[in-house]
Amino acid sequence: MSLYVAGTGGFGRETLDTVRAGWGTVEAFLDEIEPDGVVRGVPVQHPESAPAGHEYVVAIADPAVRRRLVGVLDGRGLNATTIVHPRAVIAPDTTLGRGCVVFANAYVSSSITIGAHVQVNYNATIGHDCVVADYVSIYPGANIGGAVTLGEGVTIGSGAVVRDRVTIGAGTFIGAGAVVVADVPAGVVAYGVPARVVRPND
Ligand SMILES: CC(C)(COP(=O)(O)OP(=O)(O)OC[C@H]1O[C@@H](n2cnc3c(N)ncnc32)[C@H](O)[C@@H]1OP(=O)(O)O)[C@@H](O)C(=O)NCCC(=O)NCCS
């Protein structure tokens with residue numbers, strides 16, 4: 001079984017590092033914009049040429065792009081796989097859906113439900129009993145308190161802190177360094193200390 005990694009940007013190359021740290025090898029990168037060449041010794045090809053029956057992960061930060069490429073690759077008959085760096089912690093009673101990527105030094109605590117195609121960057125932490133929906137992105141160094149609910153496609157910026165028991169609605173983007181102390185509605189950009197809604201997330 002071969003692994004295909006969609007995305008040759010920063011997150012894609014960091015995912016390659018994560019795979020090589022413990023999981024195995026990458027057969028090819030998949031890239032719609034520059035589908036030729038070689039990146040870090042790995043050949044690049046167009047997603048539409050990825051062969052059925054193999055494994056894939058979409059390593060692109062933007063949740064909407066990730067969702068679209070998942071549709072393309074599922075439609076071609078590939079199977080999404082979850083990759084966890086050997087130096088990340090996934091505590092007992094926590095489940096991850098398919099297609100997730102968890103980088104080194106992430107700490108994902110116990111009794112957490114994580115959906116599909118979720119990205120947890122290096123040095124991020126997620127507290128006990130959280131519910132994390134599909135396509136969430138947690139950027140480096142963000143800290144999510146216990147029993148937090150993150151809706152589909154939420155992004156938590158670098159170094160942000162989310163207080164325990166808060167709910168953040170689907171499609172919302174929390175800016176770098178924010179401190180979220182109350183619920184945030186769906187579809188907005190919020191940042192600051194304490195975090196305030198600034199505008200819709202277009
Ligand atoms: C929140 C965010 C999406 C806003 O982006 P944007 O709409 O393009 O915002 P701009 O850069 O145009 O800044 C608009 C204003 O908001 C302020 N601002 C932007 N992001 C801010 C943040 N995270 N905290 C506080 N203020 C912020 C800017 O200082 C600027 O203020 P001004 O109008 O007084 O000059 C972005 O700044 C952010 O934090 N992204 C996350 C980045 C990150 O974590 N990267 C890690 C990648 S691995």
Side-chain angles (χ1 to χ4, degrees), residues 1-85 88 96-104 106 114-122 124 132-140 142 150-158 170-176 186-189 199-202:
M1 198 80 70
S2 300
L3 174 66
Y4 290 77
V5 174
T8 55
F11 197 89
R13 284 175 277 118
E14 289 172 329
T15 297
L16 173 68
D17 299 340
T18 301
V19 171
R20 286 176 168 170
W23 200 87
T25 57
V26 171
E27 182 74 16
F29 280 114
L30 304 173
D31 194 311
E32 290 175 317
I33 298 166
E34 292 185 39
D36 299 307
V38 174
V39 171
R40 295 265 214 88
V42 176
V44 185
Q45 62 186 71
H46 197 281
E48 296 287 359
S49 69
H54 294 284
E55 299 193 342
Y56 80 91
V57 66
V58 179
I60 293 172
D62 186 313
V65 177
R66 210 181 315 156
R67 189 182 294 112
R68 185 174 58 75
L69 280 172
V70 164
V72 169
L73 296 170
D74 282 350
R76 292 191 57 78
L78 285 87
N79 306 307
T81 193
T82 282
I83 292 161
V84 177
H85 194 284
L96 288 98
R98 66 195 197 107
C100 295
V101 182
V102 182
F103 281 171
I114 295 186
H117 308 290
V118 168
Q119 299 175 345
V120 185
N121 268 273
Y122 42 88
V132 178
D134 298 349
Y135 300 105
V136 165
S137 303
I138 300 176
Y139 284 4
L150 302 179
E152 183 168 326
V154 162
T155 298
I156 307 292
S158 292
T172 279
F173 195 115
I174 303 297
V188 299
V189 175
R199 59 174 170 82
N201 188 16
D202 301 321

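Numbering of residues begins at 1 and proceeds along the displayed sequence.
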What closest approach, in Å, do [X] and [Y] show between heavy atoms, and which atom pair accounts for it?
| X | Y | result |
| --- | --- | --- |
| Val5 | Ala59 | CG1-CB, 3.8 Å |
| Pro51 | Leu78 | O-CG, 3.3 Å |
| Val101 | Phe103 | CG1-CE2, 3.4 Å |
| His117 | Cys100 | N-SG, 3.8 Å |
| Gly97 | Thr82 | O-OG1, 2.6 Å |
| Leu73 | Ala6 | CD1-CB, 4.2 Å |

One thing to verify: whether Arg66 and Asp134 come together as a salt bridge, which I'm taking to mean a side-chain N less than 4.0 angstrom from a carboxylate O. no

Looking at Tyr135, I'd like to know if the NZ or CZ of Arg67 sits under 6.0 Å from its six-membered ring centre while staying within 45 degrees of the ring's axis.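 Output yes; distance and angle both within limits.
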
Residue pair [X] / [Y], side-chain heavy-atom distance below 4.5 Å:
| X | Y | answer |
| --- | --- | --- |
| Asn121 | Phe11 | yes |
| Glu34 | Phe29 | no |
| Leu3 | Thr81 | yes |
| Val19 | His85 | no |
| Leu96 | Val102 | yes |
| Gln119 | Ser137 | yes |
| Glu27 | His54 | no |

Passes side chain to side chain contact (heavy atoms under 4.5 Å, CB included), Asp74 versus Tyr56? Steps please. CA-CA 9 Å; Asp74 282 350; Tyr56 80 91; 2.7 Å; yes

Hey, does the side chain of [X] reach the backbone of [Y] with a donor-acceptor pair shorter than 3.5 angstrom?
| X | Y | answer |
| --- | --- | --- |
| Arg13 | Thr8 | yes |
| Gln45 | Ser49 | yes |
| Asn201 | Gly187 | no |

Gap separating the [atom1] atom of [X] from the [atom2] atom of [Y], nearest 0.5 angstrom:
| X | Y | atom1 | atom2 | result |
| --- | --- | --- | --- | --- |
| Arg76 | Tyr4 | CZ | OH | 10.0 Å |
| Glu32 | Leu30 | CD | CG | 9.5 Å |
| Thr155 | Ile138 | OG1 | CD1 | 9.5 Å |

Between Glu14 and Tyr122, does a side chain to side chain contact (heavy atoms under 4.5 Å, CB included) hold up when you go through it step by step? CA-CA 10 Å; Glu14 289 172 329; Tyr122 42 88; 3.4 Å; yes

Going through the distances and angles, do Arg40 and Asp17 end up as a side chain to side chain contact (heavy atoms under 4.5 Å, CB included)? CA-CA 10 Å; Arg40 295 265 214 88; Asp17 299 340; 2.8 Å; yes

Determine the interplanar angle of the Phe173 and Tyr139 rings, folded into 0 to 90°, and report it as parallel if under 30°, tilted if 30 to 60°, perpendicular if over 60°. perpendicular

Hey, mind stepping through Leu150 and Ile156 against side chain to side chain contact (heavy atoms under 4.5 Å, CB included) and telling me if it holds? CA-CA 9 Å; Leu150 302 179; Ile156 307 292; 4.1 Å; yes

Other residues, nucleotides, ligands: >12 heavy atoms within 6.0 Å of Glu48 CD: yes

